[in-house]
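See structure below.
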Number of protein chains: 2
Amino acid sequence: MAKVKTRDRILTTSLALFNELGEPNVTTLLISDELNISPGNLYYHFRSKSDIVGELFGQYSHEINDLLAIPKDVEVSLDQLGFFLHLLFETIERYRFLYHDLVNILSRYPELRPGFRRILDSKQKGFQILCDSLANQGLMATEPTIIKALCEQLTLTVCYWESFDSLRDAGNRNNLDPRRGVYQVFHLLIPHLGASASRELYLLAQDYQPD
Amino acid sequence: MAKVKTRDRILTTSLALFNELGEPNVTTLLISDELNISPGNLYYHFRSKSDIVGELFGQYSHEINDLLAIPKDVEVSLDQLGFFLHLLFETIERYRFLYHDLVNILSRYPELRPGFRRILDSKQKGFQILCDSLANQGLMATEPTIIKALCEQLTLTVCYWESFDSLRDAGNRNNLDPRRGVYQVFHLLIPHLGASASRELYLLAQDYQPD
DNA sequence: GTCTATATTAAGATAGAC
DNA sequence: GTCTATCTTAATATAGAC
């Protein structure tokens with residue numbers, strides 16, 4: 001049971017607090033309180049709060065880019081697609097604070113803006129590859145403007161689904177679940193698929209059914 | 001040219017600044033500076049900053065509910081649908097600051113949460129009525145779970161489209177345009193429509209084309 | 001109804017001892 | 001590497017004169 005480094009404990013606890021309370025509501029004092037360390041100690045490990053946010057964003061950026069590095073010639077099954085989406089939602093939800101107060105975060109940490117845009121781009125390109133794969137397998141029509149709008153819609157949805165879902169929720173349910181996101185994205189794809197694949201995905205979506 | 005009341009000028013200017021800079025970045029001092037009045041004067045008209053935010057939310061809530069009060073038995077054409085969506089996006093964009101830092105705003109003004117959820121509900125119900133109308137005209141299939149997922153998707157999209165659109169934008173373009181939102185929503189509907197209506201909406205979408 | 005001056009509070013951050 | 005004590009800054013809000 002090696003002792004976890006204070007620096008890493010700060011990152012873990014900050015992330016948890018940011019997600020739970022919203023980044024603007026989390027002070028450096030609260031973070032150090034939660035860890036039972038002094039504020040001075042926190043500032044020994046990080047020169048500023050923005051360094052913490054920046055490092056967490058770097059982690060997110062790294063994880064999401066790994067996930068979205070999809071080979072161009074992939075032949076993806078609907079099952080694999082569900083698995084991929086599950087991972088994607090899970091990752092985004094783990095860093096959900098970034099999307100909860102986006103304008104505020106970008107205005108206070110403007111250095112993150114290019115990174116945010118790159119991630120948006122990666123997501124859209126990743127979806128493009130996946131749609132191309134479905135099209136190549138003859139499962140989906142190939143009208144480029146339709147596919148482009150669909151990929152934008154997929155990108156928007158993975159970014160904001162969790163925010164939307166938890167807003168609807170009375171704040172009571174409290175149980176975050178990436179499965180609802182996968183269900184929703186499946187229903188974005190269903191009407192674009194041919195009859196047989198459409199039916200297959202519809203049934204697969206039941207496994208991700210809310211409630 | 002009747003003189004506009006200070007109270008109303010405060011609301012108008014606050015809304016503009018909130019949308020431009022993000023609500024958390026707009027101090028009461030900045031608002032009063034912008035209006036060339038003293039901070040004390042501002043606090044004569046509003047007991048607190050949250051009163052300003054609350055009143056603006058009330059305006060938004062009122063406008064959006066008026067718009068979403070769609071008669072149950074409406075028979076809507078695709079043209080009319082486009083017009084409706086244009087108004088809807090325009091209204092939401094006029095109060096876009098509310099969705100830009102949602103978690104932060106809800107945590108600082110928790111009294112707004114029920115209203116937010118009611119609006120979400122109105123939107124989804126409004127879309128349900130519109131989809132029912134299309135279904136009744138034989139333009140769209142009627143599978144209830146499909147329609148429900150679609151209405152959720154429409155609701156998510158009208159709420160977050162502008163946020164998404166301006167994030168992608170280098171922040172350079174700067175030209176807010178509800179038409180891009182309408183285009184996007186049309187492309188959510190297109191694959192659900194029968195061949196003829198689908199084609200019609202696809203062509204209609206050209207009028208709302210980006211670029 | 002509007003002003004100036006100021007009280008209050010709380011955040012981010014640093015200095016210096018241990 | 002960690003602590004306590006403190007500085008600095010800035011925002012919300014109030015008091016009292018005009």
Side-chain angles (χ1 to χ4, degrees), chain A residues 1-57 97 100-101 103-112, chain B residues 1-57 97 100-101 103-112:
Chain A
M1 191 84 103
K3 183 162 175 297
V4 180
K5 284 197 166 47
T6 300
R7 187 187 154 85
D8 291 330
R9 295 206 305 137
I10 291 172
L11 288 171
T12 312
T13 301
S14 298
L15 178 57
L17 290 171
F18 290 166
N19 283 336
E20 187 187 354
L21 304 172
E23 181 274 340
N25 297 314
V26 177
T27 66
T28 50
L29 209 73
L30 181 59
I31 299 169
S32 50
D33 259 25
E34 190 77 11
L35 287 163
N36 289 313
I37 65 173
S38 69
N41 190 0
L42 186 147
Y43 276 91
Y44 170 79
H45 290 284
F46 291 93
R47 297 228 318 275
S48 70
K49 187 183 169 188
S50 76
D51 278 12
I52 299 178
V53 173
E55 182 118 353
L56 287 173
F57 179 76
F97 80 94
H100 283 181
D101 301 289
V103 166
N104 190 20
I105 284 180
L106 284 177
S107 78
R108 286 162 61 210
Y109 313 107
E111 66 276 14
L112 301 185
Chain B
M1 192 84 101
K3 183 164 177 297
V4 180
K5 285 197 165 47
T6 301
R7 186 188 153 84
D8 291 330
R9 295 205 306 135
I10 292 171
L11 287 172
T12 311
T13 300
S14 298
L15 178 57
L17 290 172
F18 289 165
N19 282 335
E20 188 187 353
L21 305 172
E23 181 274 340
N25 297 316
V26 177
T27 67
T28 50
L29 209 74
L30 181 61
I31 299 169
S32 50
D33 259 24
E34 189 78 11
L35 286 163
N36 289 312
I37 64 174
S38 69
N41 190 359
L42 185 147
Y43 276 91
Y44 170 80
H45 290 284
F46 291 93
R47 296 227 320 275
S48 71
K49 187 184 170 187
S50 77
D51 278 13
I52 300 178
V53 173
E55 182 117 353
L56 288 173
F57 179 77
F97 80 93
H100 282 180
D101 301 290
V103 165
N104 189 20
I105 284 181
L106 284 177
S107 79
R108 287 163 60 210
Y109 314 106
E111 65 276 15
L112 301 185

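Just so it is clear, the values below take in all heavy atoms, side chains as well, and ignore hydrogens, waters and symmetry mates. Lettering of chains follows the sequences in order, A, B, ..., and the numbering in each one begins at 1. Note that the structure is a prediction, hence the values are computed from the model and not measured.
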Distances under 3.5 Å between protein N/O atoms and the N/O atoms of nucleotides 7-9 of chain D, please, pair by pair.
none

- Take nucleotides 12-18 of chain C nucleotide by nucleotide from the 5' end and write B, S or -, depending on whether a protein heavy atom sits under 4.0 Å from the base, only from the sugar-phosphate, or from neither. SBB----
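Between A:Tyr43 and A:Thr28, the closest heavy-atom pair is OH-CG2, 3.2 Å.
Taking every side-chain heavy atom of B:Ile37 into account, C:dC3 is the closest of C:dG1, D:dT2, C:dC3.
Side-chain N/O atoms of A:Asn41 include none lying less than 4.0 angstrom from OP1 or OP2 on D:dG1. Contact annotation: B:Tyr44 reaches the phosphate of C:dG1 (side-chain N/O to OP1 or OP2, under 4.0 Å).
A search for side chain to side chain contact (heavy atoms under 4.5 Å, CB included) contacts involving B:Leu29 returns B:Thr27, B:Pro39, not counting sequence neighbours. Taking the side chain to side chain contact (heavy atoms under 4.5 Å, CB included) definition, one finds that A:Val103 meets it with B:His100, B:Asp101, sequence neighbours left out. B:Phe57 meets the ring pair (Phe, Tyr, Trp, His ring centres under 6.0 Å) test with B:Phe116; sequence neighbours excluded.
Here D:dG1 presents its P atom at 11 Å from CD1 of A:Ile10, a figure rounded to the nearest Å. Rounded to whole Å, atom C1' of C:dG1 lies 14 Å from atom CZ of B:Phe46.
Residue pairs that meet the side-chain hydrogen bond (donor to acceptor under 3.5 Å, both in side chains) test with at least one member in residues 4-19 of chain A, sequence neighbours left out, are A:Arg7-A:Glu55.
Using a 4.0 Å heavy-atom criterion, one finds that B:Asn36 contacts the sugar-phosphate atoms exclusively.
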